[in-house]
Amino acid sequence: MAFDFSRSFEWAPVAMVVLDRELRVLGANRRYLELTGSTPESLVGRELLAAFPNDPDDPNDASRQLLEASLKKVLRTGQPDHLAHIRYRVARRAGEPPELRIWSATHVPLFDSAGEVEAVLQHTEDVTQLEDTSALHLLQRAEAVQREVSTLDRELEEVRAMVAQAPGFMAFLSGPDHVFTLVNDAYTRLVGGRDVLDKPLRDALPDVVAQGYPELLDRVVQSGEPFFGHGHRVELVDKNGTPYTRLIDFIYQPIRGADGAVAGVLVQGHDLTEHAWAIERDRFRARVAQQLVQGGDDVTGVLAHVAHDAAASISDWAIIDLFENGKSRRLAIAHRNPGDAGLAEQLRAWPLPFEIPSTHVLHGQAASPRVVSDVTPEMLRGVSRSEEHLELLEHMAIRSVLSVPLLLRGTLYGVLVLLNSRASRRFDENDIVPMAELGAVLATGLDNARLLRDANQAREAAEAASRAKDDFLAMLGHELRNPLAPILTAVQLLRMKGDGAHQRQHEVIERQARHLTRLVDDMLDVSAVVHGKLEVRKKPVGLKGIIDKAVEIAGPQVRERQHTLSVVVADGLVVDGDEARLSQVVVNLLTNAARYTPPGGHIWVDARSSESSVKVTVRDDGVGIAKEVLPTVFEMFVQAPQSADRPQGGLGLGLTLVRRIVALHGGTSGITSDGPGKGTTATVVLPAHASPPRVERKASPAAGAGQRVLIVDDNDDAAALLSELLSELGHETQVASDGAAALALLADHKVDVAVIDIGLPGMSGLELAQTLRARLGSDAPRMVALTGFGTQDDRERCLAAGFAEHLTKPVDAEQLIRSVAGATGVAPASRPG
């Protein structure tokens with residue numbers, strides 16, 4: 001029959017109570033209830049100290065604290081504890097006030113099936129009656145000893161708690177063999193999780209023996225003097241046998257016993273490895289940023305240097321792979337160990353694939369760096385792409401990996417991979433944020449470099465296209481002017497000879513030829529505007545002469561469309577300006593008005609002073625301009641809407657030139673219109689000149705007659721007609737078709753003026769002019785360039801070569817006459833290129 005232990009508990013002659021881990025009463029026997037005047041209903045489920053508070057008015061109640069400390073010690077240590085003598089107030093009977101009694105209590109742990117302390121059994125005895133016997137002295141001694149032991153236990157627990165919670169590592173080694181008698185968690189982490197407690201140093205940490213640490217401890221014990229270590233590098237092996245390196249500051253402090261002899265050594269210090277690594281990592285990042293700033297456009301060169309810097313300071317290997325256009329390339333691979341040069345060279349052939357496979361440790365890399373603290377053989381096999389590649393990776397002895405994406409705005413430009421070998425530091429989560437910032441910095445550098453490269457390529461392409469356009473325009477202008485020159489010369493000859501039989505046909509030919517000439521001039525002038533090469537040569541000039549000349553030039557188009565033109569110019573209007581360019585402004589405004597005014601319309605030109613400026617207005621009653629078009633009329637190639645047959649013609653360049661030329665004169669220009677069908681008003685405002693203009697006397701067409709003129713032009717028609725025109729005016733002319741013929745002719749004949757085309761076959765007109773100056777010196781004839789090349793650059797090259805003037809084809813007869821007559825001192829008047 002099974003024995004009922006519960007009856008033994010219930011009827012035991014000693015008082016017993018069972019408490020759970022929260023010190024709540026689970027049960028009490030009859031004797032306990034009798035001694036404490038309690039009932040099961042008043043006691044079970046309550047905290048023992050709440051049921052028996054001793055002195056509730058005293059928060060520092062020593063007896064209550066002593067009882068609580070003993071019970072908690074049993075729960076913590078799993079060892080019994082005994083209170084030999086404790087004074088405690090307990091009611092003897094229900095309803096009576098508590099009575100101070102003397103107790104002796106023993107606390108025993110009760111274990112569950114897993115060996116953990118589940119409850120505490122207290123058996124207690126009332127020893128108050130012993131105060132009247134000789135045993136009282138013994139009890140008092142026991143009480144004193146108990147207090148001392150309790151104090152020592154408490155102090156020891158405080159010391160243990162302090163050591164355990166210390167921010168640095170701590171250990172205490174005692175005896176000649178330096179046995180570990182105390183270690184905290186930080187020390188356990190320092191030594192790789194190894195259990196060193198109660199073991200001699202040489203057995204617990206054999207890896208430090210050869211590094212001289214036992215000898216240091218012996219010296220401290222023998223001398224009684226502490227040892228301070230700063231920045232010591234210690235090579236360790238963790239509990240799995242993996243080697244690693246730590247950087248530490250520490251002190252070996254000798255601890256003396258009561259007899260004054262050194263009883264042991266207290267080891268205290270700090271693991272500086274992570275701190276030192278963070279400092280070096282931040283220095284590396286700062287160097288990278290500085291290198292990117294100083295590296296200019298050579299970002300790939302900077303990145304190669306970054307890899308070598310990383311391998312020298314924060315890792316054993318550093319690899320940079322770049323991605324572009326679906327391909328990858330290994331930009332740099334650097335290594336700390338000089339003996340790895342051959343291995344590195346072989347690894348150049350294995351950049352990260354642009355599409356990283358799922359077996360790769362970096363597959364699916366996100367926007368932040370990825371850390372692999374412990375590389376496994378399986379990982380290496382997943383990374384490798386062949387047995388040869390795997391063998392190379394195994395030779396690297398990789399322990400830890402930090403992969404840094406060079407990522408910016410969702411574009412992955414490449415990856416910086418840092419690798420540490422078995423004996424080096426493991427990368428960890430603390431590296432992610434700072435290295436992510438570094439990756440963004442490097443990606444920004446690459447992004448800027450690519451943007452700059454693309455911009456340079458685009459600029460070079462644009463410059464090449466612009467040069468090609470300019471060359472084309474110059475050649476087009478030359479080729480168009482060349483046939484126009486003889487056409488206009490022929491018409492002028494017919495007019496001079498009085499051939500009136502076909503007067504209207506002659507006017508049409510001249511008008512259309514001059515219109516085509518203006519189109520060519522506008523086209524080349526706009527090119528000069530675009531390149532900032534349009535220049536004006538200012539001098540005081542009367543506005544009436546400018547407007548008269550413009551009316552003369554635009555007159556044929558006005559007459560052709562049967563417009564009524566009214567011109568009112570106030571007297572004495574003077575501006576500082578380029579006469580030819582300002583005439584061009586008024587011509588463009590007049591031709592625009594004529595072009596967009598139906599036949600039979602009206603055009604008004606008005607010029608008057610306005611405070612310190614001069615205002616020129618060209619108004620028409622033509623088709624007008626829509627409100628939405630007005631803001632853009634001065635832009636290049638902008639024209640009002642036209643029908644498919646383009647009756648008005650034009651290139652949409654005239655008003656662009658107007659605004660630019662006026663701006664170069666310090667003036668303003670504008671266009672207004674009340675809308676379609678309501679006409680247009682164009683205004684130009686120019687600064688007025690304070691004093692009247694200097695009146696220049698122009699040479700009459702007959703001035704300078706009798707000059708000996710050499711005409712050099714490879715266009716036979718142009719040369720022949722020009723020769724005929726000058727001969728009609730009384731000049732003696734000779735013609736040469738190229739530079740060699742001109743030199744041969746000048747060897748036997750002296751001439752006063754040489755009118756030379758620039759685009760000659762073989763020797764150019766510029767070379768001919770330079771040759772004449774070199775050979776003849778002061779005897780060289782006055783040279784006038786007559787050419788289809790009409791840009792400002794062309795003009796400057798001509799003047800530099802020794803030409804006195806630069807005229808563009810087709811040239812006006814009066815202008816040519818004045819230029820030829822310039823040999824007698826008449827001031828030339830040429831149209832700027």
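Note that the structure is predicted; figures quoted are calculated from it, not measured. Every heavy atom of this structure was used, including side-chain atoms; hydrogens, water molecules and symmetry mates were not.
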- [ ] Give a yes or no on this: more than 12 heavy atoms of other residues, nucleotides or ligands lie within 6.0 Å of atom CD of Glu391.
- [x] no
Open item on the list: Could you check whether His178 and Asp218, counting side-chain N and O atoms only, form a donor-acceptor pair closer than 3.5 Å?
Closed with: yes
Open item on the list: Among residues at least two apart in sequence or on other chains, which ones pass ring pair (Phe, Tyr, Trp, His ring centres under 6.0 Å) with His232?
Closed with: Phe250
Open item on the list: Salt bridge check, Arg426 against Asp374: does any charged N sit closer than 4.0 Å to a carboxylate O?
Closed with: yes
Open item on the list: To the closest 0.5 Å, what do you measure between CG (Leu197) and OH (Tyr187)?
Closed with: 11.5 Å
Task: Trace of the side-chain contact (heavy atoms from CB on, under 4.5 Å) decision for Phe52 with Arg89 - done: CA-CA 8 Å; Phe52 304 107; Arg89 288 180 175 84; over 6 Å; no
Open item on the list: For Tyr252 and Tyr213, take the angle between the two ring planes, folded into 0 to 90°, and tell me which bin it lands in: parallel under 30, tilted 30 to 60, perpendicular over 60.
Closed with: perpendicular
Task: Test salt bridge (Lys or Arg N to Asp or Glu O under 4.0 Å) applied to Lys199 - qualifying residues, sequence neighbours left out - done: none
Open item on the list: Applying side-chain contact (heavy atoms from CB on, under 4.5 Å) to Asp431 and Trp277, what does each step give before you reach the verdict?
Closed with: CA-CA 10 Å; Asp431 299 320; Trp277 156 253; 2.7 Å; yes
- [ ] Taking the side chain as every heavy atom from C-beta outward, state whether Val208 and Val191 have any pair of such atoms under 4.5 Å apart.
- [x] no
Task: Trace of the salt bridge (charged side-chain N to carboxylate O under 4.0 Å, His left out) decision for Glu34 with Arg92 - done: CA-CA 8 Å; Glu34 290 173 0; Arg92 298 287 289 173; over 6 Å; no
Task: Glu68/Lys72 ion pair, N-O < 4.0 Å - done: yes
Task: Asp207 and its salt bridge (Lys or Arg N to Asp or Glu O under 4.0 Å) partner, picked from Lys239, Arg194, Arg202, Arg246 - done: Arg194
Open item on the list: What verdict does the salt bridge (charged side-chain N to carboxylate O under 4.0 Å, His left out) test give for Arg287 and Glu280, after you've listed the backbone C-alpha separation in whole Å, the side-chain angles of each residue and the deciding distance to 0.1 Å?
Closed with: CA-CA 10 Å; Arg287 291 195 300 271; Glu280 186 56 44; 3.5 Å; yes
Open item on the list: I want to check something: taking the side chain as every heavy atom from C-beta on, are Leu67 and His107 in contact at a cut-off of under 4.5 Å?
Closed with: yes
- [ ] Rounded to the nearest 0.5 Å, what's the gap from CG on Leu66 to CG on Asn54? Could you check?
- [x] 10.5 Å
- [ ] Given side-chain contact (heavy atoms from CB on, under 4.5 Å), test Leu205 with Phe180 step by step and report yes or no.
- [x] CA-CA 11 Å; Leu205 304 175; Phe180 286 96; 4.1 Å; yes
Task: Value rounded to 0.5 Å, distance of CZ in Arg283 from CD1 in Ile314 - done: 13.0 Å
Open item on the list: Go through it in stages, so that I can follow the logic: the residues are Met379 and Val401, the test is side-chain contact (heavy atoms from CB on, under 4.5 Å), and I'd like the CA-CA distance, side-chain angles, deciding distance and then a yes or no.
Closed with: CA-CA 11 Å; Met379 289 179 180; Val401 178; over 6 Å; no
- [ ] To the nearest 0.5 angstrom, please state how far the CE atom of Met396 sits from the CG atom of Leu380.
- [x] 9.5 Å
Please output the side-chain donor-acceptor pairs of residues 12-28 that fall under 3.5 Å, not counting sequence neighbours, one pair per line with the distance.
unit_1, atom_1, unit_2, atom_2, d
Asp20, OD1, Glu22, N, 2.9
Asp20, OD1, Leu23, N, 3.0
Asp20, OD1, Arg24, N, 2.7
Asp20, OD2, Arg24, NE, 3.2
Asp20, OD2, Arg24, NH2, 3.2
Arg21, NH1, Val117, O, 2.7

Task: Value rounded to 0.5 Å, distance of CG in Leu35 from CD in Glu125 - done: 9.0 Å
Task: Side chains of Arg381 and Glu387 in contact at under 4.5 Å (non-hydrogen atoms) - done: yes
Task: Distance in Å, Thr36 OG1 paired with Arg31 CZ, rounded so as to fall on 0.5 Å steps - done: 10.0 Å
